[in-house]
Amino acid sequence: LSAALWSDELGLKTLLLEENAELGGQLLRTYNAIENHLGTQAKNGRELRDIFVKQIEDRSFTIKLSSAVSEVDLENKTILQTSGERFSARALILATGVRRRKLNIEGEEKFKNKGIIESGKRDQDSVRGKNAAVVGGGDAAFENALILAKRAKSVVLIHRQKDFRARAEFIEQTKNNPKIKILTDSVVQKFIGGEHLETVKIKNSQTNKTQVFPFEAVLIRIGVEPNTELFRGQIDLDENGYIKIDQTCETSVKEIFAVGDVANPLAPTVSSAVGMGAAAAKIIFSKLIS
Ligand SMILES: Cc1cc2nc3c(=O)[nH]c(=O)nc-3n(C[C@H](O)[C@H](O)[C@H](O)COP(=O)(O)OP(=O)(O)OC[C@H]3O[C@@H](n4cnc5c(N)ncnc54)[C@H](O)[C@@H]3O)c2cc1C
């Protein structure tokens with residue numbers, strides 16, 4: 001949105017393609033308050049998204065929703081949509097963001113919203129009095145375990161390694177919470193149940209023993225991965241699949257830029273995405289007129 005706003009501001013003919021039916025990306029699934037984006041505060045991601053969308057309402061650039069890009073030819077700057085429509089441009093800005101990493105195990109899809117919850121903040125009331133679990137070992141896993149512990153009967157934090165990536169303050173609070181138990185060296189293998197999730201099969205990677213635990217609610221927080229499958233083989237990606245860019249946000253292909261989380265694994269924030277979008281648009285403008 002920021003890249004499109006700035007491109008429009010600079011008089012460039014601009015097209016924004018979004019695969020979802022509404023704008024907002026990750027903000028649509030952010031249920032915590034956002035108080036760290038300078039200039040405005042919002043009680044959740046949707047509220048911030050609404051402020052952004054309101055600001056671009058009167059702009060003249062074209063927005064196409066429900067418009068997934070299914071193929072790109074970056075060398076020729078051509079885009080093909082799932083609808084079959086084809087577009088070409090003088091310059092492209094890739095801002096496809098990231099998605100939550102999945103465990104890719106049996107039962108994960110089946111019990112989505114039937115025991116496998118989406119957000120600790122949003123779904124905390126649904127775990128009241130239940131045995132819950134959080135899978136992961138980073139900040140998000142610990143933060144959510146602490147949130148769920150306020151309502152759940154018990155919370156088990158399941159991590160496949162011995163060490164954690166989370167901030168020391170979260171680890172400390174979690175260890176001191178009598179409702180939370182931590183299982184390390186533990187790999188979730190299968191979600192089991194009838195209509196609703198009932199148990200979870202977990203293997204201890206040290207002893208190779210498997211055990212079945214009665215969890216009625218599970219939250220998976222094992223990180224994110226970039227949406228870069230479309231670009232693979234056409235531009236340089238890092239070892240985790242994020243787009244490599246230079247200090248002007250340009251990729252390894254001339255006049256193809258990448259902004260936001262998809263090109264910013266170390267500091268993914270709203271502010272950096274907004275800033276990178278503005279920078280890319282300004283660089284493109286100066287290149288096109290020179
Ligand atoms: C729970 C949570 C809490 C957060 N809290 C904060 C916070 O407090 N402060 C903060 O600064 N940041 C926070 N963030 C991070 C922030 O949301 C992201 O940094 C920001 O949304 C990145 O924006 P983006 O445009 O790069 O990517 P995204 O928001 O991921 O948007 C990418 C967009 O590209 C679209 N897309 C992907 N592939 C295609 C395709 N093939 N065709 C068409 N469209 C496509 C997607 O549908 C999506 O709308 C939080 C994130 C989460 C998940």
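Numbers here are sequence positions counted from 1. Atoms within a ligand are numbered from 1 in the order they appear, just like the ligands themselves.
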* To do: With salt bridge (Lys or Arg N to Asp or Glu O under 4.0 Å) as the test, would you mind laying out the steps for Lys102 and Glu225 before giving the verdict?
  => CA-CA 9 Å; Lys102 291 182 179 174; Glu225 53 196 355; over 6 Å; no
* Asked: Just going by heavy-atom distances, which of Thr30, Val72, Leu28, Val262 is nearest to atom 2 (C) of ligand 1?
  -> Thr30
* To do: Could you list which atoms of ligand 1 come closer than 4.0 Å to a heavy atom of Val98?
  => 30 (O)
* Selection from Gln26, Arg100, Lys121 by shortest heavy-atom distance to atom 1 (C) of ligand 1 -> Arg100
* To do: Kindly state each residue pair satisfying side-chain hydrogen bond (donor to acceptor under 3.5 Å, both in side chains) with at least one member in residues 274-288, sequence neighbours excluded.
  => Glu250-Lys287
* Structure fact -> re atom 44 (N) of ligand 1, the protein heavy-atom contact at minimum distance is Glu19 N, 3.1 Å
* Examine the proximity of ligand 1 to Ser67 and report which part, side chain or backbone, both or neither, has a heavy atom under 4.0 Å away. => backbone
* Identify the protein heavy atom lying closest to atom 7 (C) of ligand 1, giving its residue, its atom name and the separation to 0.1 Å. => Asn36 OD1, 3.7 Å
* Nearest protein heavy atom under 4.0 Å from atom 12 (N) of ligand 1, yes or no -> yes
* Asked: Given the side-chain rings of His196 and Phe111, with only the six-membered ring counted for Trp, is the space between their centroids under 6.0 Å?
  -> no
* **The one among Val69, Leu16, Val224, Leu48 that brings a heavy atom closest to atom 42 (N) of ligand 1** => Val69
* Provide the number and element of each atom of ligand 1 under 4.0 Å from a heavy atom of Pro268. => 19 (O)
* Heavy-atom proximity to atom 5 (N) of ligand 1, best of Asn32, Leu23, Leu17 -> Asn32
* In terms of atom number and element, which parts of ligand 1 are under 4.0 angstrom from non-hydrogen atoms of Gly260? -> 26 (O)
* Asked: Do Ser88 and Asn76 meet the criterion of a side-chain donor-acceptor pair at a distance under 3.5 Å?
  -> no
* Roughly how far, to the nearest 0.5 Å, is CD of Glu229 from CG of Asn227? -> 6.5 Å
* To do: Look at atom 22 (C) of ligand 1 and find which of Leu94, Asn20, Thr82, Asp261 reaches it with the closest heavy atom.
  => Asp261
Which pairs of donor and acceptor atoms, one on a side chain in residues 129-137, lie under 3.5 Å apart (sequence neighbours left out)?
| residue | atom | partner | partner atom | Å |
| --- | --- | --- | --- | --- |
| Lys130 | NZ | Ser126 | O | 3.0 |
| Asn131 | OD1 | Ser154 | OG | 2.9 |

